[in-house]
Protein chains: 2
Amino acid sequence: MNQPGLPTAHVAGRDSGRASRAREVADSLTRAIHEHRLGPGMKLSEDEVGEIFGVSRTIVRAALQQLAHDQLVTIEPHRGAFVAQPSVREAREVFEARALLEPRTARSAALRATPEDIAILRRHIAQEHAALHAGQDGAALRLSGLFHIEIARIADQATIAEFIGQLVSRSSLVIALYWRRRNALCESHAHDALLKALADRDGALAEELMKGHLLDLLSSLDLREAPGQRRSLKEALGGP
Amino acid sequence: MNQPGLPTAHVAGRDSGRASRAREVADSLTRAIHEHRLGPGMKLSEDEVGEIFGVSRTIVRAALQQLAHDQLVTIEPHRGAFVAQPSVREAREVFEARALLEPRTARSAALRATPEDIAILRRHIAQEHAALHAGQDGAALRLSGLFHIEIARIADQATIAEFIGQLVSRSSLVIALYWRRRNALCESHAHDALLKALADRDGALAEELMKGHLLDLLSSLDLREAPGQRRSLKEALGGP
DNA sequence: GGTGCGCAGATTGTATACGATCCTGTGTCC
DNA sequence: GGACACAGGATCGTATACAATCTGCGCACC
């Protein structure tokens, strides 16, 4: 009998009395998607996920519905849940939405950032570099996303920050599907420049840098029509 | 331009059978909140809601979690679900987010609107006026929100449209809590002007009108600190 | 008379059971 | 030999059952 899989309550350490374990499962799955350990199109069977986390299907369903709302998974009725495969169109939309939200948010962040905020961002970048050097590509990608989310948090706009969080998550899937170039270095440098602008309280520059950064990101994708159908030939034929 | 399949008709609520009943219940509740038949702070007991809709608590829970994700209800662990009561701060954030998203979206919509789109919008306004004259204030408010959502749909940006949909929903709660003036007429006129700009394909004007419209809306609210605590003195003491 | 405690009812959190639907593999018929 | 039909298994959708927790009220005690 294998001990590590034992689904008892105090496996998770401390039950902080917070929200149900559904949130916990959802966070784990989200993180796995961010780190590209779960790739687009992978099936998330309720039984399987439930057994892994030691919870019942009730919890898993709640978690999956939550991820479905964030559009990280798609739930096909009577078929199951799959990690989402954003179409080329969705990919464009995600980055257009980011281009609409993030530059202004970066400007606000520059005007409000405290020294502690700057320190936090600096630590993020350091972790990102470390992960990159350790060859942990997925972790680096997730940290890179967290950098953007942290900026939204600094801007002190919880509502917009939540939207940006969703968009960053979906960007991770987009990158998994459509990434072309291998040089993630430019991104790190972009983050360095952004950090400097924020530290200097230069809102206009931060806005401009963020805009350019997002455009760079977008241009590093291969968003032609064909590759979107890599695994979705069913829906390619099913549609009109 | 005329697609035979007509996939993007404004079908709302006729979706029985396809998706799970949870979506149905969630839509009903959402509509009730939009029409101010459910006010901020009202408790949504799982048993009660389930009995009303003739479904089990399983379905109700799924629906409530969905609304919680849209921040239309807040779920307090072991206490239940309540219609959300946006704080003054949240109210401001909602309108700041709208100010960031909707003007640009209106501009895009103006550039893309087809004659059918204009006709749909015209019908929306007519319905809104009719509801207003019939004294159905709640229905008029909901239609007013649908007008904004329809514009986002016309702009052909599903991702942004979904965000705007969430924000419009939350705005309904904000209005329920903080509405000051009684004259909803200005809003209708604003919509008329917007419609004209869209029909004229005047993107710049549409953007400007939308910006002004949102500012008008915001200025018609009473967002001083006091009224936020109307029912939330518990959380006033709970927080710093 | 006011305050604190404890029990009962109600409500939510989670698990499990059962029916419905879909996918897959096999057998038969043309 | 190929295509259709059907059965088996697996998975999902929903309902119900049980356990944990909270709220309200009454009673004892100070």
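As a basis for the values below, the full set of heavy atoms in this structure was taken, side chains included, without hydrogen atoms, waters or symmetry mates. Lettering of chains follows the sequences in order, A, B, ..., and the numbering in each one begins at 1.
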For B:L121, does its backbone N or O pair with a side-chain atom of B:H191 as donor and acceptor, under 3.5 Å?
no
Could you state the CD-C1' distance from B:E76 to D:dC22, rounded to the nearest angstrom?
12 Å
Rounded to whole Å, please give me the gap between CD in A:E51 and P in C:dT16.
12 Å
Could you tell me the separation between the CD atom of B:E46 and the P atom of D:dC22, rounded to a whole number of Å?
15 Å
Separation of D:dT11 atom P from A:L44 atom CG, nearest Å, is 13 Å
Any donor-acceptor N/O pair, A:R92 side chain to A:L223 backbone, under 3.5 Å:
yes
Atom pairs and distances, donor-acceptor, side-chain atoms in residues 149-168 of chain A, under 3.5 Å, two or more places apart:
unit_1, atom_1, unit_2, atom_2, d
A:E150, OE2, A:R153, NE, 2.7
A:E150, OE2, A:R153, NH2, 2.6
A:R153, NH2, A:D117, OD1, 3.4
A:D156, OD1, B:R89, NH2, 2.8
A:D156, OD2, B:R89, NH2, 3.1
A:Q157, NE2, B:E96, OE1, 2.2
A:T159, OG1, B:E93, OE1, 3.0

Between atom NZ in A:K43 and atom P in D:dA10, what is the gap in whole Å?
13 Å
Is a side-chain N or O of A:H124 found less than 3.5 angstrom from the main chain of A:H148, in a donor-acceptor match?
no
Here the distance between atom P of D:dC22 and atom CD1 of B:I75, to the nearest Å, is 16 Å
Would you confirm whether B:T30, through its side chain, and B:A26, through its main-chain N or O, come within 3.5 Å as a donor-acceptor pair?
yes
In whole angstrom, what separates A:L64's CG from D:dT11's C1'?
13 Å
Is it true that a side-chain atom of A:S87 and a backbone atom of A:E90 form a donor plus acceptor pair closer than 3.5 Å?
yes
Check whether any side-chain nitrogen or oxygen of B:R61 sits under 4.0 Å from OP1 or OP2 of C:dG13, and answer yes or no.
yes
Identify the pairs formed between an N or O of the protein and an N or O of nucleotides 18-24 of chain C at a distance under 3.5 Å, and give each distance.
unit_1, atom_1, unit_2, atom_2, d
C:dC23, OP1, A:R79, NE, 3.4

Rounding to an integer number of Å, can you tell me how far A:I59 CD1 sits from D:dA19 P?
17 Å
Would you mind telling me which of C:dA15, D:dA15, D:dG13 lies closest to the side-chain atoms of B:S56?
D:dA15
Check the phosphate of C:dT14 against A:T58, side-chain N and O only, distance under 4.0 Å to OP1 or OP2. Yes or no?
no
